[in-house]
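These notes concern the structure reproduced below.
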Amino acid sequence: MTAFQKQVFAALLEIPEGKVVSYGELSSYLGVQSAQAIGQALKNNPDSPQVPCHRVIRKDGNLGGFMGSLENNNKRDLLKAEGVIFDNTGQLSTTEAWYSFPK
DNA sequence: TACATGACTATCC
DNA sequence: GGGATAGCCATGT
């Protein structure tokens, strides 16, 4: 568990229910300029049920590759239950779900 | 220590 | 507008 990962997860927990953030925004918030670093931290997610890693999506509104790695299409429904609507192609259907970090 | 990889993004044909 | 390219940072081998 690196300090960087802790920051990633801490930031994730600040995301209110029904909101999502992009890798880029998250990385900027943490002070780095690499969204891939975020992905690395997330895929090593030690607390998968606790950390809402499914609230981190690509900047273009696509869920990204983690969806297939996890379950099937249940993630979309899970997010939908939280208020984040995706269409059947895995694209974010509403721009109102985007969350901006206060920093 | 050095090189390769990735759940990404921005730019350039 | 869509595909290819090159930076980007942290990790793992």
Side-chain angles (χ1 to χ4, degrees):
Chain A
M1 194 59 180
T2 68
F4 178 74
Q5 289 178 314
K6 288 182 182 178
Q7 293 181 71
V8 173
F9 302 137
L12 273 181
L13 295 176
E14 292 182 24
I15 306 173
E17 185 173 309
K19 294 289 183 179
V20 294
V21 293
S22 66
Y23 289 88
E25 174 125 14
L26 189 54
S27 63
S28 298
Y29 175 65
L30 295 181
V32 302
Q33 284 303 306
S34 175
Q36 291 211 285
I38 305 298
Q40 287 303 303
L42 290 189
K43 82 173 183 181
N44 295 318
N45 183 359
D47 306 298
S48 25
Q50 299 180 42
V51 179
C53 50
H54 51 275
R55 287 184 191 157
V56 185
I57 64 179
R58 295 178 54 130
K59 205 171 193 181
D60 57 8
N62 195 290
L63 283 168
F66 64 89
M67 194 178 176
S69 309
L70 299 177
E71 303 175 28
N72 301 325
N73 49 2
N74 299 353
K75 289 300 171 188
R76 195 192 66 217
D77 295 331
L78 177 60
L79 284 165
K80 184 178 179 181
E82 294 184 357
V84 185
I85 311 301
F86 289 87
D87 60 24
N88 51 10
T89 66
Q91 291 290 323
L92 185 63
S93 294
T94 174
T95 58
E96 301 179 9
W98 286 110
Y99 174 72
S100 297
F101 285 102
K103 192 171 182 181

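Numbered from 1 within each chain, the chains take letters A, B, ... in sequence-line order.
Remark: A:Y29 pairs with A:F101 by the ring-ring contact (aromatic ring centres under 6.0 Å, His included) rule, at least two apart or across chains. In terms of the side chain to side chain donor-acceptor pair (under 3.5 Å) criterion, A:E96 has no residue partners (sequence neighbours excluded).
Between A:Q40 and A:G24, it is A:Q40 whose nearest contact on DNA chain B lies nearer the 5' terminus. Between A:S22 and A:S34, the residue anchored closer to the 5' end of DNA chain B is A:S34, taking for each the nucleotide with the nearest heavy atom.
Nearest to the side-chain atoms of A:C53 among the listed nucleotides C:dT11, B:dA7, C:dC9 stands B:dA7. Across C:dC8, B:dC8, B:dG6, the shortest atom-to-atom separation from the side chain of A:A35 is found for B:dC8.
Nucleic acid contact for A:S27: none, since no nucleic acid atom lies under 4.0 Å from a heavy atom of the residue. At a threshold of 4.0 angstrom between heavy atoms, the contacts of A:Q33 are confined to the sugar-phosphate backbone, with no base atom among them.
In this entry the distance linking CD of A:Q36 with P of B:dA10 reads 12 Å, nearest Å. As rounded to whole Å, 14 Å separates atom P of B:dC8 from atom NZ of A:K59. The distance between atom CG of A:D60 and atom P of C:dG3, rounded to the nearest whole Å, is 13 Å. The CD1-C1' distance, from A:I38 to C:dA10, rounds to 10 Å in whole Å. Atom NZ in A:K43 sits roughly 7 Å away from atom C1' in B:dT5 (whole-Å rounding). Distance, A:M1 CE to C:dG12 P: 12 Å, rounded to whole Å. Following rounding to the nearest Å, A:L42 (CG) and C:dC9 (P) show an atom-to-atom distance of 17 Å. A:F9 has its CZ atom 14 Å from the P atom of C:dA10, to the nearest Å.
Linking Ile, Leu, Val, Met, Phe, Trp and Tyr whenever their side-chain heavy atoms come within less than 4.5 Å leaves A:L13 and A:M1 in two separate clusters.
The two residues A:N44 and A:Q5 come nearest to each other via the heavy atoms CB-NE2, 3.3 Å.
The pair A:E82-A:K19 does not count as a salt bridge, with every side-chain nitrogen at least 4.0 angstrom from each carboxylate oxygen.
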